[in-house]
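Okay, structure first, notes after.
Computed from a predicted structure; not experimentally measured. Within every chain, numbering begins at 1; the chains are lettered A, B, ... in the order of the sequence lines, protein sequences first and strands thereafter.
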Protein chains: 2
Amino acid sequence: MLRLSKLTDYAVVVLSRLEQDGAVVGGQVQTAPELALHTGMAEPTVAKVLKILGQAGLVEGVRGARGGYRLARPLAAMPLAEVIVAFDGPIALTACVDGSLSACETEGHCPVRGRWDPVNDAIRHALSGITVADLSASAGCAPMRAAASIMNLMAE
Amino acid sequence: MLRLSKLTDYAVVVLSRLEQDGAVVGGQVQTAPELALHTGMAEPTVAKVLKILGQAGLVEGVRGARGGYRLARPLAAMPLAEVIVAFDGPIALTACVDGSLSACETEGHCPVRGRWDPVNDAIRHALSGITVADLSASAGCAPMRAAASIMNLMAE
DNA sequence: TTAAACAGGACAGAAAAGGTACTATTTGCG
DNA sequence: CGCAAATAGTACCTTTTCTGTCCTGTTTAA
Ligand code: FES
Ligand code: FES
C-alpha cells in the first residue's frame, strides 16, 4: 500500500492548524495542548509530532512559560517531501536491509543496490512540486476530527 | 521510508530470471524449485512469489507434472505498477484505516479522504512509465545471490 | 497408478509502528 | 528567589503488520 506513517498525516493537520491560527514565523505561538484540543488528537501524540517537526526545522519551539510552537516558514514554502522525510525517513523504495549494506559496499556490487533508483528518482520528482499548503486546503472540513474534539472537551 | 514489500523485490528478480530463461508466453516453463536454485532464495518463498504473481495475471501457472511458470507478457509490456499493486496493494499514500472508511462514506466528508489525492496521482503518474524490463537490466549481476545459490547447492 | 508440480490457505516468529509516560531543561511571572 | 508552564529528549510497552514456512488439496504428464 506504500503506507506512510500516521504521524505524517497528523503532521499535515497540525501544520495547517498552526498557519490557520496565525502561528507563523515572527507571530504568536501555539501550545501543544491547545493544538490537541483543536485537532481532536491526544495531547502526547501532538507533542510527539511537534517535537519531530522541530527537529526537522519545520516548526520553531519556544521553551519556557508562555512558550509554544510556530511555523518556521509559510506552508506554501514547505515541500511535502520534507515532512515525509522527517517521519518516514528518506524517500526511497527499497527492500535493502541495513546490516547487509556494508557487506555489499565492500563487494562493490549488489543485486538490489541501484536497481530501484529510476523509480525513486521518479517519485522524488513527482513530490518535488507539492507543498504542504496544497494539502491544507481540505484539512479544514473535518467533521470526524471535530466530533473527536467535542468528545475531548466533554471528557474534561 | 516508503518501504515496499520484500516480496516485491523478489518478484522483480524472479520475473527477470523467467525472461532470461526464455520462459515467455508460449515458450518453455520454469518450475519453482529451479527458480529457487538460480535466484538463491528459499523455495517456499519463491513459490509464494509466483503464486501471487499468478493471481495478478503476470505469470501463467501450468499445473500437473512437467508444469511450471511462464511470463504472461514480455517484461517490457509489464508496468512496474502492477507488480507493486499485487504485493503492496493499491498505490496510495494514506493513513486511512479500513474500519473507519465506512463511517466516513456515510458521513460524506472526511478529513483524510481526498486530501492525499494529488500526491497519489503524482506518484501513479511517475510510475506509469516504468516497466519491469527497466529494472531487470541490473538484476543479472548478482554476486550475493550467486553466493547464496552456491550455499544452497552445497546444502543438498 | 504414480509422482511432480501448482493452488490456496493457515500459522508461528520477527520486525516495525503507535502510543504513552517519565524526566530534564528552559523561561516567564509573582 | 521560587514556582509554574511549556518544550526537549528518552525510554518503554502494546499493538499491528510483515515475513517466512508449512500443510493440504488439485491437476496432469508419464
Ligand atoms: S542489500 Fe542493500 S546494498 Fe546490497
Ligand atoms: S478515515 Fe479514510 S475515508 Fe475517512
Side-chain angles (χ1 to χ4, degrees), chain A residues 1-11 14 18 23 28-37 40-70 72 84 86-89 94-100 148, chain B residues 1-11 14 18 23 28-37 39-70 72 84 86-89 94-100 148 152:
Chain A
M1 179 74 90
L2 293 184
R3 277 187 327 115
L4 50 78
S5 173
K6 269 191 180 180
L7 296 183
T8 308
D9 190 44
Y10 297 160
V14 169
L18 276 174
Q28 186 68 18
V29 295
Q30 191 94 3
T31 70
E34 280 173 334
L35 287 168
L37 283 179
M41 315 183 210
E43 195 235 302
T45 302
V46 175
K48 189 176 191 174
V49 169
L50 288 168
K51 272 180 284 189
I52 297 176
L53 286 174
Q55 289 177 337
L58 300 176
V59 301
E60 290 176 353
V62 179
R63 304 180 65 154
R66 292 289 196 89
Y69 290 94
R70 140 194 339 149
I84 296 180
F87 289 90
D88 297 74
T94 177
C96 172
V97 192
D98 293 336
S100 60
Chain B
M1 179 72 91
L2 293 185
R3 277 188 328 116
L4 51 79
S5 172
K6 269 191 180 181
L7 296 182
T8 308
D9 190 45
Y10 296 160
V14 169
L18 276 174
Q28 187 68 20
V29 295
Q30 192 93 2
T31 68
E34 279 174 333
L35 286 169
L37 282 180
T39 58
M41 314 185 210
E43 196 234 303
T45 303
V46 176
K48 187 174 192 175
V49 169
L50 287 167
K51 273 182 285 189
I52 298 175
L53 287 174
Q55 289 177 337
L58 300 176
V59 300
E60 290 177 353
V62 179
R63 303 180 65 154
R66 290 291 196 90
Y69 290 95
R70 138 197 337 150
I84 295 180
F87 289 92
D88 298 73
T94 176
C96 171
V97 192
D98 293 336
S100 59
N152 210 337

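- Among the nucleotides dG19(C), dA4(D), dA4(C), the one closest to any side-chain atom of Leu7(A) is dG19(C).
- Between Pro44(A) and Pro33(B), the residue anchored nearer the 5' end of DNA chain C, judged by the nucleotide with its closest heavy atom, is Pro33(B).
- For the pair Ile52(B) CD1 and dG9(C) P, the interatomic distance rounds to 12 Å; values are reported in whole Å.
- OP1 or OP2 of dT21(D) has at least one side-chain nitrogen or oxygen of Thr45(B) nearer than 4.0 Å.
- Atom CG of Leu58(A) and atom P of dA8(D) are 13 Å apart (whole Å).
- Residue order along DNA chain C, read from the 5' end via each residue's closest nucleotide, puts Ala32(B) first among Ala32(B) and Ala65(A).
- Here the closest heavy-atom approach between residue Arg70(B) and residue Gln28(B) is recorded as CB-O, 4.1 Å.
- Remark: P of dG18(C) and CG of Leu4(A) are 9 Å apart, rounded to the nearest angstrom.
- Residue side chain Arg63(A) does not reach the base of dT27(C) through any donor-acceptor N/O pair under 3.5 Å, judged by distance alone.
- Between Ala86(B) and Ala56(B), the shortest heavy-atom distance links the atoms CB-CB, 3.7 Å.
- The separation between Lys48(A) atom NZ and dC13(D) atom C1' is 12 Å, rounded to whole Å.
- In this structure, CG of Leu53(B) is placed 13 Å from P of dC6(C), rounded to the nearest angstrom.
- In this structure, Arg66(A) reaches the dC29(C) phosphate: one of its side-chain N or O atoms is under 4.0 Å from OP1 or OP2.
- Interface remark: the Lys6(B) side chain does not form any donor-acceptor pair with the dG20(D) base, using a distance-only criterion of under 3.5 Å.
- Atom pair Gln28(B):CD and dA29(D):P shows a separation of 14 Å (rounding to whole Å applied).
- If you check dG8(C), dC6(C), dT20(C) against the side chain of Gln55(B), the one that comes closest is dG8(C).
- Side-chain contact check for Met41(A) versus Val49(A): every heavy-atom pair is 4.5 Å or farther apart.
- Distance Leu35(A) CG to dA5(D) C1': 16 Å, rounded to the nearest Å.
- The shortest distance between side-chain heavy atoms of Ile52(B) and Phe87(B) falls below 4.5 Å.
- When the side-chain nitrogen and oxygen atoms of Tyr10(A) are compared with OP1 and OP2 of dG19(C), one or more of them lie within a distance under 4.0 Å.
- Residues Glu34(A) and Tyr69(A) fail the side-chain proximity criterion, which asks for heavy atoms closer than 4.5 Å.
- Side chain Lys51(B) to base dG8(C): a donor-acceptor pair is found below 3.5 Å.
- Within the 4.0 Å cut-off from OP1 or OP2 of dT7(D), not a single side-chain nitrogen or oxygen of Thr31(A) is found.
- Look at CD on Glu60(B): it is 14 Å from P on dT28(D), rounded to the nearest Å.
- Within 4.0 Å (heavy atoms only), Gly54(A) reaches no atom of the nucleic acid at all.
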